[in-house]
Student: 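Have a look at this one before I ask anything.
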Amino acid sequence: MNKYDPKFIEKKWQDVWDNEQTFRTSTDYDKPKFYALVEFPYPSGEGLHVGHPRPYTALDVVSRKRRMEGYNVLFPMGWDAFGLPAENYAIQTKIHPSVVTERNVARFKEQLRSLGFSFDWSREVNTTDPSYFKWTQWIFLKLFEKGLAYKKEMPINWCPSCKVGLANEEVVNGGCERCGQEVESRIKNQWMLKITEYAERLINDLDTVDYIERVKIQQRNWIGRSEGAEITFAIKDTDEVLQVFTTRPDTLFGATYMVISPEHPVLEKLAHKLTNPEEIHAYQEQAKKKTEFERAELSQEKTGVQVQGLTAINPVNNKEITIWVSDYVLMSYGTGAIMAVPGHDERDWEFAKTYNLPIVEVVQGGDVTKEAYTQTETGIMVNSGFLNGMDVDTAKKEISAWLKEQGLGTPKVNYKLRDWVFSRQRYWGEPIPLIHCEKCGWVAVPEEQLPVRLPQVANYEPTDTGESPLAKIRNWVETTCPTCGGPAERETDTMPQWAGSSWYFLRYTDPHNDEALASQEALNYWLPVDWYNGGMEHTTLHLLYSRFWHKFLYDIGVAPTPEPYQKRTSHGMILGENNEKMSKSRGNVINPDVVVEEYGADTLRMYEMFIGDFEKSVPWSTDGVRGCRRFLDRVWKLQEIVQPGEEYSSELETQMHQTIKKVSTDYESLKFNTAIAALMTLLNEVNHLGKINKAEMRTFLVLLNPVAPHITEEMWEKLGFAGMLNEQKWPTWDEEKTVAQTVDIGVQINGRVRGEITVNLDDPAEVARAKALANENVLRAIEGKTIVKEIYVPGRIYNIVVK
RNA sequence: GCCGGGGUGGCGGAAUGGUAGACGCUACGGACUUAAAAUCCGUUGGGCUAAGCGCCCGUGAGGGUUCAAGUCCCUCUCCCGGCACCA
């Protein structure tokens, strides 16, 4: 027998799969379907990282198993190729990002191919391909049409030295990721998408999908739904009012002052009434100057200024209360104004202490002179007029009814989720397909003119003003208005990287369609995605954004299901051998090419599945890789001991059925490590016996195939088994045969194991008892004692309680 | 601070309330070899031991439920991840 030579074998089978289009998805829509999705990568210049193959192998395993179970499987791959690294590289080298992208894609593809994934490459998509982003732009126009895209003044992160608007994730500790320069906040007019309009559905529909719990929880927290009331406070001697949002309307009697955010419009409106305008303006200026970072850093110390000249009226008792301005109240949440209840809110308590404001206890149970009492379960209302004596829940209901009756307040739900800032002042992204006309305003580029392509340029540097580099390409910017034909200008902002990835799973179903983003037939058949695995870091952005777009497409009749993904799971990160995050600067990066070169793709795949709990982070171990290679070497050698036999042998029958069951169920529940352990155990047993028959060998190869497809396919062929391995049926197990008829069980005395006996599973208790009491060690342990109780769990344990 | 997840050998990790440590790695011993590597066999939680079996301790800490707890309940503690003045 020749040596196991992965380099030769892997190349051979990859070519076979390519030439025969083995894993091409069928368009036979009558077959049961299975749509497996992994997050498509950004093709960086670094090439593939050992982190990438972990989720890919996992769903490759599931996909390969599903095919053998008779499903029509869609397991596609593509490129999320718009993005900053290619653009930054272009600025440095003047090489067009599309050239760099093409190069990187080729490399990534080659690397992925070398790992033997069963992707259907005929369905490859690329977000930077005009035939793809035509539909990204089309979706945007639909959003615009339905009023879900709007333009608004918003601050962006600006690096004054690079003259570039930065994405939030490019700001590290308040500085520019590349040059370290402190980032400024600049106000820009930006396109926004109204994701908040979908907040309620994005929360509620989580109940209809099978996501791992931590993903659901993180999404719920991010959306941050809270129920409360909006209450109107009059401002004395004016027609103006202050609206506040509160989750604790029950504490209204304890509202002893109000706080508005520095950006609150009332300061402008009633500027003439202010008696300390300089002081207020100074505070507003100070707040404006603070970057987000500083605001967070200084968050402990409460600062503020009283708004003199204005007094508010507490609607429940008509008491006059002071108004303050402070940056602990955010304009972007609720109404930008709050009623301060220092007795029962920690922030208000702190502020009241700093400025010596009155604190009134309205819920009994704590000591409001020492700290805010925020417990709501047991407290009883006091100092609250008609609410006195009620518990918090009752008081909430009563006061809400009262407010409604008086026309002073309404129940209200608020979300932490903000609208999505959709503009980027960048070159390498999808152009936003809108035209601004002096006469007609913002006008959509007509559908038949899509896609709006990026102009070829020589320079990618952004402008001093923070505008997109596109703004300088005048012959691209200047156009005519589609509505009136007059002179008009194109929008120069581009879309964020999240745009293309918000719908790519739809495109895979019908990737070459020119008439629509995908045919209704394909969408109806393939959606929802049956299983989507991706990183936890995408839970609050990509996952939420794509659910939002999908729901929108559902509303306009394009997507056939309210939710895009039926099931979502997540993998843990792979760390360096020193247990730190893998990075160039830490010098602990493992290159998958090197592992493939030295040990083979099957070894890499297997190790990535065996390395540990799939859902947890785990450090790389080169020794562990070698262990997997040793296993495959031993598998290879099984060829030498294969015996005839078309039925499982009596020695192995039970274990065969156990292993089929274990492997089949573990592959389904992300427990690849224990599935592989079961195969190792089986191999050890086979080697002890020194033989394996054909029936056993076949099953073993099929079970191992999803993890190590090349070696198993090669052995299948060498052993002369019929057909190709990937065409075989997934083996089944017989539940009855998974149970050994005789087992060794422990005998416990008072819960401690004192001996071991061998029982037949169907032994009655008396027989087990006789065996237990015949055991020398057991006898010694109960000598001189009285048996009080005996418990026999068949096949598990015999426990004797003695005194 | 809030919300998740988690503490099990030297390491990665297994364990429907039923013999804790499967499987792999490491280390050690042996076989093979002129030698080494590779491979194969054995040992590998700690302690005690008369070496015969055996005994004691042990899943972050403390308590509880149970014939029986890594697993269930209570209290505490530490680590990781996310959010963070969200009214």
Side-chain angles (χ1 to χ4, degrees), chain A residues 212-222 224-226 228 244-248 251 259 261 295-296 298-302 326-330 332-341 344-348 350-351 374 414-418 536-537 539-540 572-573 577 579 606-607 610-613 615-628 630-631 633-634 637 662 671 673-684 687 743-757 776-777 780-781 788-802:
Chain A
I212 48 172
E213 205 49 34
R214 57 195 168 124
V215 169
K216 286 191 183 184
I217 288 165
Q218 229 167 278
Q219 290 218 344
R220 284 195 193 105
N221 289 347
W222 183 262
R225 181 181 199 275
S226 54
V244 303
F245 172 71
T246 179
T247 55
R248 295 292 307 276
T251 62
V259 186
S261 98
R295 241 164 131 153
L298 305 168
S299 68
Q300 298 319 313
E301 301 267 310
K302 296 270 180 295
S326 171
D327 62 8
Y328 86 87
V329 173
L330 311 172
S332 50
Y333 183 78
T335 62
I338 62 157
M339 64 177 210
V341 185
H344 307 284
D345 181 284
E346 279 164 32
R347 296 151 300 177
D348 298 343
E350 240 178 84
F351 191 81
T374 56
N414 252 312
Y415 301 93
K416 282 201 262 186
L417 184 70
R418 308 291 156 82
M536 279 311 285
E537 68 274 21
T539 302
T540 49
M573 227 192 310
E577 293 206 78
N579 226 322
M606 183 168 180
Y607 177 61
F610 187 64
I611 189 169
D613 182 337
E615 302 196 67
K616 288 202 202 119
S617 294
V618 64
W620 186 265
S621 155
T622 300
D623 286 328
V625 178
R626 269 195 283 274
C628 289
R630 268 196 286 268
F631 171 76
D633 280 325
R634 282 196 285 261
K637 284 192 201 138
K662 179 78 181 152
K671 291 160 90 176
N673 53 339
T674 48
I676 291 168
L679 289 169
M680 289 173 164
T681 307
L682 178 57
L683 176 76
N684 290 345
N687 279 338
V743 274
D744 296 338
I745 65 166
V747 181
Q748 294 183 334
I749 311 298
N750 291 347
R752 319 188 63 109
V753 179
R754 285 293 184 253
E756 189 181 282
I757 55 173
E776 203 181 311
N777 293 330
R780 189 153 3 110
V788 184
K789 191 173 178 185
E790 289 171 62
I791 297 114
Y792 177 51
V793 183
R796 283 278 168 203
I797 201 85
Y798 199 96
N799 193 5
I800 303 171
V801 184
V802 297

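A note on names: the letters A, B, ... follow the listed sequences, proteins ahead of strands, and every chain is numbered from 1. When reading the values below, keep in mind they use all heavy atoms of this one structure, side chains included, and skip hydrogens, waters and symmetry mates. This structure is a prediction, so every number in the text was calculated from the model and none was measured.
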Student: Round to a whole Å and report the spacing from CZ of Phe351(A) to P of rC85(B).
Tutor: 16 Å
Student: Give Asp348(A) one of three labels, base, sugar-phosphate or nothing, depending on what nucleic acid heavy atoms sit under 4.0 Å from its own.
Tutor: nothing
Student: To the nearest angstrom, how far is Asn684(A) atom CG from rU39(B) atom P?
Tutor: 14 Å
Student: Rounded to the nearest angstrom, tell me the gap between atom OH in Tyr792(A) and atom P in rG18(B).
Tutor: 15 Å
Student: As an exercise, state the distance from CD of Glu346(A) to OG1 of Thr374(A), rounded to the nearest 0.5 Å.
Tutor: 5.5 Å
Student: Is the shortest distance from a Lys or Arg side-chain nitrogen in Arg626(A) or Asp623(A) to a carboxylate oxygen in the other one below 4.0 Å?
Tutor: yes
Student: Could you tell me the Watson-Crick or G-U partner of rA37(B), where both distances fall under 3.5 Å? Say none if there is no partner.
Tutor: none
Student: Nearest whole Å is fine: how far is rU39(B) P from Asn687(A) CG?
Tutor: 14 Å
Student: Can you tell me the base-pairing partner of rA68(B)? Count Watson-Crick or G-U wobble geometry only, both distances below 3.5 Å, and say none if there is no partner.
Tutor: none
Student: For a quick check of understanding: with a heavy-atom distance under 4.0 Å over all strands, which category does Ser617(A) fall into, base, sugar-phosphate or nothing?
Tutor: sugar-phosphate
Student: Distance between the P atoms of rG21(B) and rC28(B), in whole angstroms?
Tutor: 25 Å
Student: Side-chain donor or acceptor of Arg754(A) under 3.5 Å from a matching atom on the base of rU19(B)?
Tutor: no
Student: Can you check the Glu346(A) CD to rG1(B) P distance for me, whole Å?
Tutor: 10 Å
Student: Taking atom C1' in both rU59(B) and rG4(B), compute the distance separating them and give it to the nearest angstrom.
Tutor: 23 Å
Student: For nucleotides rG7(B) and rU71(B), find the distance between their C1' atoms and express it as a whole number of Å.
Tutor: 14 Å
Student: Any base atoms under 4.0 Å from Arg626(A), or only sugar-phosphate, or nothing? Heavy atoms, all strands.
Tutor: nothing
Student: Have a look at Lys671(A) and say if it touches a base, only the backbone sugar-phosphate, or nothing, with a 4.0 Å heavy-atom cut-off.
Tutor: sugar-phosphate
Student: Quantified in whole Å, what is the P atom distance between nucleotide rC25(B) and nucleotide rA38(B)?
Tutor: 12 Å
Student: Rounded to whole angstrom, note down the C1' distance from rG45(B) over to rG9(B).
Tutor: 5 Å
Student: Gln748(A) near the nucleic acid: base, sugar-phosphate alone, or nothing, with a heavy-atom cut-off under 4.0 Å?
Tutor: base
Student: Partner lookup for rC55(B), please. Criteria are Watson-Crick or G-U wobble with both distances under 3.5 angstrom; report none if nothing qualifies.
Tutor: rG47(B)
Student: So what does Arg752(A) hit on the nucleic acid, given a heavy-atom distance under 4.0 Å: a base, only sugar-phosphate, or nothing?
Tutor: sugar-phosphate
Student: Scan every strand shown for a Watson-Crick or G-U wobble partner of rA22(B), both distances under 3.5 Å, and answer none if you come up empty.
Tutor: none
Student: What's the gap between rG10(B) and rG60(B) when it is taken at their P atoms, as a whole Å value?
Tutor: 13 Å
Student: May I have the distance from Ile800(A) (atom CD1) to rU19(B) (atom C1'), rounded to whole angstrom?
Tutor: 14 Å
Student: Map Arg780(A) and Ile676(A) onto RNA chain B by nearest heavy atom, then report which one ends up closer to the 5' terminus.
Tutor: Ile676(A)
Student: Base, sugar-phosphate or nothing for Val801(A)? Non-hydrogen atoms, less than 4.0 Å.
Tutor: sugar-phosphate
Student: Assign Ile611(A) to base, sugar-phosphate, or nothing according to its heavy-atom contacts below 4.0 angstrom with the strands shown.
Tutor: sugar-phosphate
Student: Could you give the distance separating rU33(B) and rA15(B) at their P atoms, to the nearest angstrom?
Tutor: 43 Å
Student: Check every strand shown and say whether Gly627(A) touches a base, only sugar-phosphate, or nothing at a heavy-atom separation below 4.0 Å.
Tutor: sugar-phosphate
Student: What N/O pairs connect the protein and nucleotides 2-6 of chain B at under 3.5 Å? Give each pair on its own line.
Tutor:
residue	atom	partner	partner atom	Å
rC3(B)	O2'	Asn221(A)	ND2	3.2

Student: Name the nucleic acid region contacted by Arg418(A), choosing base, sugar-phosphate or nothing; use a 4.0 angstrom heavy-atom cut-off, strictly under.
Tutor: base
Student: How is Ser226(A) classified with respect to the nucleic acid when contacts are heavy atoms under 4.0 Å: base, sugar-phosphate, or nothing?
Tutor: sugar-phosphate
Student: Could you give the CZ-to-P distance, from Arg796(A) to rU19(B), as a whole number of Å?
Tutor: 7 Å
Student: Counting distance alone, no hydrogens or angles: does the base of rC25(B) have a donor or acceptor under 3.5 Å from a partner atom on the side chain of Asp623(A)?
Tutor: no
Student: Could you measure between the two P atoms, the one in rG18(B) and the one in rC73(B), and give it in whole Å?
Tutor: 15 Å
Student: How many whole angstroms separate atom CD of Glu350(A) from atom C1' of rC85(B)?
Tutor: 9 Å
Student: In terms of the nearest nucleotide of RNA chain B, which residue is placed more toward the 5' end: Val618(A) or Ile757(A)?
Tutor: Val618(A)
Student: Looking at Phe351(A), I'd like to know if the NZ or CZ of Lys302(A) sits under 6.0 Å from its six-membered ring centre while staying within 45 degrees of the ring's axis.
Tutor: no
Student: Can you tell me the Watson-Crick or wobble partner of rC83(B), both distances under 3.5 angstrom?
Tutor: rG1(B)
